[in-house]
Enquirer: 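Below you'll find the structure I mean.
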Amino acid sequence: ISTTYWFPSNGGERKEKRSPKDRLGRKRRTVVSSLTEDEELTEILKSYSSNKVTTTKYSFLSFIPKNLFEQLHRCANIYFIFLAALNFVPVVNAFQPEISIIPILLVLAVTAVKDLWEDYRKHKSDKFINGLVCEIYSRKQQTYVDQRWQDVHVGDFVRLSCNEIIPADMLLLYSSDPHGVCYIETANLDGETNLKQRQLVRDLPRQNFHSRIECENPNNDLSRFRGFIKARVGLHNNNLLLRSCTIRNTETVIGIVVYAGHETKAMKNNNGPRYKRSKLERRLNVDVLWSVVLLVIMCLTAAIGHGLWLRNLKDASFLNPDTTSPALSGFYLFWTMIIVLQVLIPISLYVSIEIVKLCQIFFIQNDVDFYNEYMDSRIQCRALNITEDLGQIQYVFSDKTGTLTENKMVFRRCTIAGVEYPHEENARRLEVYKEDEAMGCSHTLKSRASAKSLSCKSLSCNRSSVSLHTLTGHSEGEESPSPTLPRHSAFSSPMEKDIVPDPFLVQKLNCLSSPLFLLRDASMELTYIVDFFMALAICNTVVVSSPNQPRHVQVPEVSRTPLKSLEDIKMLFQRFGLPRFSTLSPPHTTESPRSFTRRLFSRGKAASFTPSPSPTPTKLGTDGLENSNGAEGPPCEPGADELIYEAESPDEAALVHAARAYRCTLQGRSLERLLVELPGMGSLAVRLLHILPFDSTRKRMSVVVRHPLTNQVVVYTKGADSVIMDLAESPEGAEQSDGRQGHIREQTQKHLDNYAREGLRTLCIAKKVLEEEEYEIWLKRHAFAETSIENREELLLESAQRLETNLTLLGATGIVDRLQEEVPETIEALQRAGVKVWVLTGDKQETAINIACACKLLRSTDQLLTANCGSKEACKALLLELRAEVECGEAAEGTSGFTLVVDGRTLDFALQEDLKGDFLELSRRCRAVVCCRSTPLQKSHVVQLVRDQLRVMTLAIGDGANDVSMIQVADVGIGISGQEGMQAVMSSDFAISRFKHLRKLLLVHGHWCYTRLANMILYFFYKNVMYVNLLFWYQFFCGFSGSVMTNSWVLIFFNLLFTSAPPLLYGILDKDVSAETLIKLPELYKSGQNSKAYLPSTFWLTMLDALYQSLVCFFIPYFAHAGSDADMLSFGSPINASALLIILLHQVIESRTLTWLHVLVLVGSALFYFSFTLVFSVVCVTCSPPTNPLGVDKLQMSQPLFYGVCALTTVLALLPRITARFETHVIKKHLFCKSFFKPFLPSLTVTLSDSCSIAGTRPRPRVKPGASSSTWKTWTSRSLTLYSLKS
């Protein structure tokens, strides 16, 4: 029964005499079966986190105190709570204490309700996830029973079926797969839809499990897991099943939980939305401090004035019945005035900013221009409080692959053994290819996600599955997917798969099965070709699946190998004729089959080979290749052409598809072997010994296999040409071998340079044949590295580097990665907007330059500066030389600009402390910078250097895990949800699907967000200062007593209710320029870069305007009521009404957009004020002691003087603002017209009349006779754009 269902053991652990405290204090984690009867080990298991996940911040009891504590982190809230408490002190209170707490209570309540709603949504999601069901082994029932996820604990045995989601991080102990593997999909974790393979722990007993696991403590590294079992059986990442991943292609798996709940790697990486402080917010904090200074000055003035007034007043006992000294009275009045003038600090501003930013995010997320129909995705706003920073970006740092390009790698051409195969037909196919037409229809993300949840037919997966949509709280949709729908696979579009073979390479491969092979001395070239395509087919981690059995892996089963023995191989090659291989054989003609084939597929140390030049074109199709199996080989298996390759990267998929185009087909993969079909040889089972995965340090990957023909241990390696070319040393042996390899390296390097100039991505392919003794020695060291706990990664890296030496270079590939649509237009628009664009890439310098030209980053008129240095001293001298050249170029006339290209080694030197100043000064003067061969760490250092030293706003954009560091360092990080998973997206502030979306995101939404928020903040300061000054002027007429000329209810509600809605609408909907104009004229973006909407001078001008309006609003009613018997409240009534009208109409003047909604809110605010004051004056008798407002406002509003005063006050207060706005508009338009046509002088002379500047009438240009037609065309285009700005 244990061969079908694996059962754990109930006991048998070895006890150790250690205290629990000592155990819990260790750096490693000890995990044993939860069925153990050892009390000490049971106590250890109980100390670990349960699997219940809680992402909420509050509980029923902790909500009020915890939320209040969090809100007290805002200094403004503490300030207003302090004032509310101060108003309860009788000696300093200004008005009713109960009224003073209303504003702060309202602000705290609104924020608390918002936090409560967000937390409730998290609670619902947590409750659903914790309630999911899985099978846990029960000690009582001695079988697996259903349990909720939250009841899973460390040490439990969990059994899962196909399409079920993993509830916790588990060590894989059993798989129903006969090869001991399990396939998982990590889309819920990192967004990658391709299958990943996990394997059982080696040397485990088949019947039961009673071992102790020692592993590392919980961490957030998804790619690392270290540990061991009992006799140091090593554990690594391939043995771990991570929470939230989905089981695929395996009927049953069983594992033991090692991390649960919040200790799982998925939860360790779940950081939620990112919170940053924007540049505007930092400026706001400074101005709030200035407001505090202004408040203190006003209160000190009132306190000093009150003391002097009391000192000069005779018989003032009615004011001071307790004989308080004037100095002490002035001290008390200081705090009274703090309470009275508290609204100078805008209490509702912070809440309003949050509301406006949420609305801005809503508009950005619902912009249809950001929607990607093919991926069914839209923009994601992960950072909630830096939307305005999008309008102030000065530097953009971009990755190349997958960001500027499609990251759809298509095999373009290759070079093998020094011979280049151009694949011209394949090039023509790519030029005219239209992917949408080839696909017939576009599949949305929803359909593909639904297809992922199809059951595995061949595996009897009858249990219901839970999809990613379910985990995230979205409904699956009501339509159940049809099991016959085609399943989407990453990197498998027709453009990537339909490769046209090169006819000359086809001709050579056909020699394996053609009896007419006549090319003498080409046998070693043929072995290079076979090894080259063998490497393309197997040097990867590609999983093979089938479309008619969704998510089902093709298990390599070979019923009959066409080459049953080495004699068959000999007979196959005897069809070529032995005389043609005479150079391979010694003088005697007797040779065993083993030695023959070994020498044929080895490095050929003693063989002579003269690489032939590119052959003359001949008329040759691919028919011979298609039938290359011949009569001796078995027929192709049904559906072989319908194999689906699940690759982890587009490069891998491109190379496997290229090999398949030449009938070197990867047919299946298991843990220990691969099934490969070669032309003329049929299906071969290749024993897979080791996989040395790719890493950014080695920049290569290797597989170690037992060659199916020679039985030798062979290492196939592919990687970056800069690395492989250095490792491709000539082996010690015959001089002929040295000469051949030297020639191959020389020719291959030439081809690589040509590929790079064409903008192709290059990879080199190499091999190495190991002697058995050499392999055994390496294997012992590698096994030790695999089982090590400490420094395992370093030991594995050293082991891989030890093996990957003295490689035999086979050839290289050129892969095309097309630019995304509208990339050149986007970069050109950003540069016109004053944004400097840097490209940071790991590609070759030639490739980077080619892409920079293609995307218009490097213009034909630019001077190209390259920095390639081998030493620090040379780098310093070169930087100074290039800087001098740039300075001379700037002084000369007619220079277009400079573009700097730096390689990775030079960048290392330039980033050092004593050289980074020179590097920064040089790059600052360049129009664009391209950093090639740069590592992820270098990318982040470059961004940090520019951000900190130049004090500019930076934006980093990328799509892969290697871009995460620079995305996190930049002020704004943008991830592209492309072909390389979701690592960049999860680390970003905003996520888009295409680079072209950056244009509208910055130029339109960034500009709007910045100008709206900046204008709203200034408006808040204006209206608060304007109203507070009215109370301050009144103190000069009431002996600085702290009295106010209005009732306390109106005073509190004036800023909190009556004038709060219009600024919100102003900050949400105002548009200074339309989206079409912002796209056509990127130069308008520069206003945000220079912070023109919110400069310190703008702030103080706003304060002066508020001061003037307050003077007018106070003294016109004062002089109108001079000499009358009007009481305090009657005097204050027209002042309040005039202030409201002035504030509302001031917004009308400043607004660039007026809609029916604006009219509704503005009129509604005015009606709300007048309705409230009328009702208040009619029904309220004792609402505002000691004053009595009964009938005051009713009487005032029935008199014509009230309306006359309000009208006159409003007009005089707003007249300077109207005049200044009109003059500014005229001057700006005139200057814009002059700068707009400046580039066309002197070939074009334009005279604009004043009527053009003011009324926007058509100007009459005078064009010189020598002006070209292009000048006319460009001038006409810009003139039409100018007319569009008239409105």
Enquirer: Among Val835, Val1004, Leu1078, whose side chain to side chain contact (heavy atoms under 4.5 Å, CB included) with Tyr1085 holds?
Expert: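 Among Val835, Val1004, Leu1078, the one meeting side chain to side chain contact (heavy atoms under 4.5 Å, CB included) with Tyr1085 is Val835.
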Enquirer: Hey, does Leu294 have a side-chain heavy atom less than 4.5 Å from the side chain of Val1028?
Expert: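 With C-beta onward as the side chain, the pair stays apart.
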Enquirer: Is the closest side-chain heavy-atom distance between Ile1142 and Thr1209 below 4.5 Å?
Expert: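 Ile1142 vs Thr1209: side chains touch.
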Enquirer: Check Glu825 with Lys996, please: is the shortest side-chain N to carboxylate O separation under 4.0 Å?
Expert: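 No, this pair does not count.
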Enquirer: Compare every heavy atom of Leu819 with every heavy atom of Pro824, then report the nearest pair and how far apart it is.
Expert: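 That would be CG-CD1, 4.4 Å.
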Enquirer: With rounding to the nearest 0.5 Å, note down the distance linking CG in Asp959 to OG in Ser988.
Expert: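 Result: 11.5 Å between the selected atoms.
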Enquirer: Less than 4.5 Å apart, any side-chain heavy atom of Cys381 and any of Ile364?
Expert: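 When only atoms from C-beta onward are counted, Ile364 and Cys381 do touch, with a gap below 4.5 Å.
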Enquirer: Specify the closest pair of heavy atoms between Ala1139 and Leu1030, including all atoms of both residues, with the distance to one decimal.
Expert: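 Heavy atoms of Ala1139 and Leu1030 come nearest at CB-CD1, 3.8 Å.
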Enquirer: Which heavy atom of Gln365 sits nearest a heavy atom of Arg378, and at what distance?
Expert: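 Nearest heavy atoms, Gln365 then Arg378: O-CD, 3.4 Å.
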Enquirer: Considering residues, nucleotides and ligands other than Arg282, do more than 12 of their heavy atoms fall under 6.0 Å from its CZ?
Expert: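 For Arg282, atom CZ is crowded (more than 12 foreign heavy atoms under 6.0 Å).
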Enquirer: What's the separation between atom OH in Tyr1022 and atom CD1 in Ile1143, rounded to the nearest 0.5 Å?
Expert: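 One gets 5.5 Å once the value is rounded to the nearest 0.5 Å.
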Enquirer: Test side-chain contact (heavy atoms from CB on, under 4.5 Å) on Val293 and Leu289; report intermediate values, then the result.
Expert: CA-CA 6 Å; Val293 172; Leu289 291 178; 5.6 Å; no
Enquirer: Can you establish whether the number of heavy atoms outside Tyr1203 located under 6.0 Å from its atom OH is more than 12?
Expert: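 Check passes, neighbour count above 12.
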Enquirer: In Å, rounded to the nearest 0.5 Å, how long is the span from CD1 of Ile974 to CD1 of Ile967?
Expert: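 Rounded to the nearest 0.5 Å, the CD1-CD1 separation comes out at 9.0 Å.
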Enquirer: Report yes if some heavy atom in the side chain of Gln1089 is under 4.5 Å from a heavy atom in the side chain of Val952; otherwise report no.
Expert: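 When only atoms from C-beta onward are counted, Val952 and Gln1089 do not touch, as no gap falls below 4.5 Å.
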Enquirer: I'd like to know whether CH2 of Trp1100 has more than 12 heavy-atom contacts from other residues, nucleotides or ligands below 6.0 angstrom.
Expert: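 Yes, CH2 of Trp1100 has more than 12 neighbouring heavy atoms, counting only those of other groups under 6.0 Å.
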Enquirer: Quick one: does Gln820's side chain have a donor or acceptor within less than 3.5 Å of a partner on Thr403's backbone?
Expert: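 Side chain of Gln820 to backbone of Thr403: a pair is present.
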Enquirer: Whether the side chain of Arg927 engages the backbone of Val837 through a donor-acceptor N/O pair (distance < 3.5 Å, no angle test) should be reported.
Expert: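 Here the side-chain-to-backbone pair does not exist.
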Enquirer: Are any side-chain N or O atoms of Ser1087 and backbone N or O atoms of Leu1084, one a donor and one an acceptor, separated by less than 3.5 Å?
Expert: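 At least one qualifying donor-acceptor pair exists.
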Enquirer: For Met953, is there any backbone N or O sitting under 3.5 Å from a side-chain donor or acceptor partner on Gln394?
Expert: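 Between the backbone of Met953 and the side chain of Gln394 there is a qualifying donor-acceptor contact (under 3.5 Å).
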Enquirer: So Ile355 and Ser352, do their side chains get closer than 4.5 Å, heavy atoms only?
Expert: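 No, their side chains stay 4.5 Å or more apart.
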Enquirer: Under a plain distance cut-off of 3.5 Å, with no hydrogens placed, do Asp1072 and His1007 share a side-chain donor-acceptor pair?
Expert: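 Note: His1007 and Asp1072 side chains meet the donor-acceptor criterion.
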Enquirer: Does the distance from a Lys or Arg side-chain N to an Asp or Glu carboxylate O, for Arg1217 and Glu1150, drop under 4.0 Å?
Expert: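 Salt bridge between Arg1217 and Glu1150, a charged N being under 4.0 Å from a carboxylate O: yes.
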Enquirer: Relative to the ring of Phe1054, is the ring of Tyr1027 parallel (under 30°), tilted (30 to 60°) or perpendicular (over 60°)?
Expert: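 If you compare the ring of Tyr1027 with that of Phe1054, the planes turn out parallel.
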Enquirer: Determine, step by step, whether Tyr395 and Arg924 satisfy the side-chain contact (heavy atoms from CB on, under 4.5 Å) criterion, reporting the C-alpha distance in whole Å, the side-chain angles of both residues, the deciding distance to 0.1 Å, and the verdict.
Expert: CA-CA 10 Å; Tyr395 279 77; Arg924 187 180 63 84; 4.1 Å; yes
Enquirer: For the pair Asp367 (side chain) and Asp369 (backbone), establish whether a donor and an acceptor sit closer than 3.5 Å, ignoring hydrogens and angles.
Expert: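 Present.
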Enquirer: Taking side chain to side chain contact (heavy atoms under 4.5 Å, CB included) as the criterion, tell me which of Ile386, Val972, Leu1013, Leu284 meets it with Ser278.
Expert: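 Considering Ile386, Val972, Leu1013, Leu284, a side chain to side chain contact (heavy atoms under 4.5 Å, CB included) with Ser278 is found only for Ile386.
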Enquirer: Contact between Met1016 and Ile353 at the side-chain level, heavy atoms closer than 4.5 Å - yes or no?
Expert: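 Yes. Closest side-chain heavy atoms under 4.5 Å.
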Enquirer: Would you say the ring centers of Phe990 and His1005 fall short of 6.0 Å from each other?
Expert: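 Centroid separation for Phe990 and His1005: 6.0 Å or greater.
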Enquirer: Does any part of the side chain of Trp838, heavy atoms only, come nearer than 4.5 Å to the side chain of Ser923, both counted from C-beta?
Expert: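 Answer yes - side chains close enough.
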Enquirer: Nearest heavy-atom pair of Val288 and Ile345: which atoms, and what distance?
Expert: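 Taking Val288 first and Ile345 second, the nearest heavy atoms are O-CD1, 4.2 Å.
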Enquirer: Please name the pair of heavy atoms, one in Ile1068 and one in Cys359, separated by the smallest distance, quoted to 0.1 Å.
Expert: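 Looking at all heavy atoms of both residues, the closest pair is CD1-SG, 3.5 Å.
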Enquirer: Apply side-chain contact (heavy atoms from CB on, under 4.5 Å) to the pair Ile1017 and Asp287, showing each step before the final yes or no.
Expert: CA-CA 10 Å; Ile1017 291 173; Asp287 290 339; over 6 Å; no
Enquirer: Rounded to the nearest 0.5 Å, how far apart are CG of Asn1136 and CG of Leu1141?
Expert: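 Output value for this atom pair is 11.0 Å.
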Enquirer: Whether the side chain of Asn1029 engages the backbone of Val1025 through a donor-acceptor N/O pair (distance < 3.5 Å, no angle test) should be reported.
Expert: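 Checking the backbone N and O of Val1025 against the side chain of Asn1029, a donor-acceptor pair under 3.5 Å is found.
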Enquirer: Closer than 3.5 angstrom, by distance alone: can the side chain of Asp862 be matched with the main-chain N or O of Leu858 as a donor-acceptor pair?
Expert: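 Judged by distance alone, no pair lies under 3.5 Å.
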Enquirer: If you count the non-hydrogen atoms of other residues, nucleotides and ligands that lie under 6.0 Å from NZ in Lys279, is the total more than 12?
Expert: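 More than 12 heavy atoms, drawn from other residues, nucleotides or ligands, come within 6.0 Å of this atom.
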Enquirer: Could you tell me whether the side chain of Trp1008 and the main chain of Leu1069 form a donor-acceptor pair under 3.5 Å?
Expert: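 No; zero donor-acceptor contacts below 3.5 Å.
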Enquirer: CZ of Phe995 to CG of Leu404: how many Å apart, nearest 0.5 Å?
Expert: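 These two atoms lie 5.0 Å from each other.
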Enquirer: Between Asp1070 (side chain) and Tyr1066 (backbone), is there a donor-acceptor pair under 3.5 Å?
Expert: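 Judged by distance alone, no pair lies under 3.5 Å.
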Enquirer: Give me the atom names and distance for the closest heavy-atom approach of Ser398 to Met966.
Expert: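 It is C-CE, 4.3 Å.
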Enquirer: Would you call Trp117 and Val113 a side-chain contact if the rule is heavy atoms closer than 4.5 Å?
Expert: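 Side chain of Trp117 against side chain of Val113, heavy atoms only: no contact under 4.5 Å found.
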Enquirer: Between Tyr1094 and Phe1099, how do the two ring planes meet: parallel, tilted or perpendicular, split at 30° and 60°?
Expert: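 Aromatic pair Tyr1094/Phe1099 classed tilted.
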Enquirer: Give a yes or no on whether the backbone of Ile1149 and the side-chain of Arg1221 come within a donor-acceptor separation of less than 3.5 Å.
Expert: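 Not a single qualifying donor-acceptor pair exists.
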Enquirer: Measure the CZ-OG1 distance between Arg859 and Thr899 for me, rounded to the nearest 0.5 Å.
Expert: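 OG1 of Thr899 is found 8.0 Å from CZ of Arg859.
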Enquirer: Should Lys856 and Gln831 be marked as a side-chain contact (heavy atoms from CB on, under 4.5 Å) after you check the CA-CA gap, both sets of side-chain angles, and the distance that decides it?
Expert: CA-CA 10 Å; Lys856 294 185 179 180; Gln831 290 180 332; over 6 Å; no
